[in-house]
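The figures that follow rest on heavy atoms only: side chains count, while hydrogens, waters and symmetry mates do not. Counting starts at 1 for both ligands and their atoms, in listed order. Model, not experiment: these values are computed from the prediction.
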Amino acid sequence: MTNGNLVLIGFMGSGKSTVARELAKISGRYFLDTDMLIEASEGRLVAQIFAQSGEEYFRELERKTALWLGSSVCNAVIATGGGFVLSNDPRLIGTVVYLHAPLELINSRLLAQERSKRPLFADEAQAKQLYTQRDGVYRDRADFVIDATDSADCVARLVWEKLAPFA
Ligand code: S3P
């Protein structure tokens with residue numbers, strides 16, 4: 001992809017949005033986040049969309065967002081929701097980076113308040129199952145896999161070191 005977009009994918013709590021903000025600063029790009037775009041256009045939070053309209057409706061909004069990003073956006077750093085790759089090919093939007101963090105780290109990072117924003121993290125056993133299922137999907141859909149265990153600014157620098165020659 002040569003449109004200058006850098007797309008971050010990965011599991012809930014892997015730091016996509018925080019790293020994307022840092023990466024946007026380093027690379028001189030705008031920062032976008034698919035959950036935030038959806039919340040802004042719906043006028044309600046992701047948790048409310050799930051509760052009031054269901055997961056399939058949310059996935060439809062993700063598909064609409066993916067089409068818009070792929071057709072109309074360039075030179076942005078785009079953080080995606082953890083399930084975005086299930087029904088969209090992020091490579092149609094830009095160069096794709098999978099931020100990989102161990103589940104134990106994600107568990108320790110996500111405070112109760114953060115978990116309550118994520119309906120699919122409400123049940124820890126279910127989250128573990130999803131994590132295992134999705135790891136392969138993230139790897140399949142990524143151009144690069146980056147270890148996201150370090151702090152957000154270190155991870156952003158790692159990503160930029162890898163991507164700068166191609167971006
Ligand atoms: C989801 C991840 C969330 C959000 C929604 C569904 C998922 O985004 O899009 O709750 O299916 O993994 P984050 O990855 O930013 O938590």
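Arg134 CZ to Asp140 CG: the interatomic distance, rounded to the nearest 0.5 Å, is 14.0 Å. Distance check, rounded to the nearest 0.5 Å: OG1 of Thr95 to CZ of Phe144 gives 7.0 Å. Interatomic distance, Asn88 CG to Leu67 CG, rounded to the nearest 0.5 Å: 7.5 Å.
Side-chain atoms of Arg29 come within 3.5 Å of backbone N or O of Ser27 as a donor-acceptor pair.
Using the six-membered ring where Trp is involved, Tyr138 and Phe11 have ring planes that are perpendicular, over 60° apart on the 30 and 60° scheme.
The 4.0 Å heavy-atom shell around ligand 1 contains residues Met12, Lys16, Asp35, Val46, Phe50, Phe58, Arg59, Gly81, Gly82, Gly83, Arg118, Pro119, Leu120, Arg134, ordered by chain and number.
Side-chain contact, Tyr98 with Asp143: no donor N or O sits under 3.5 Å from an acceptor N or O.
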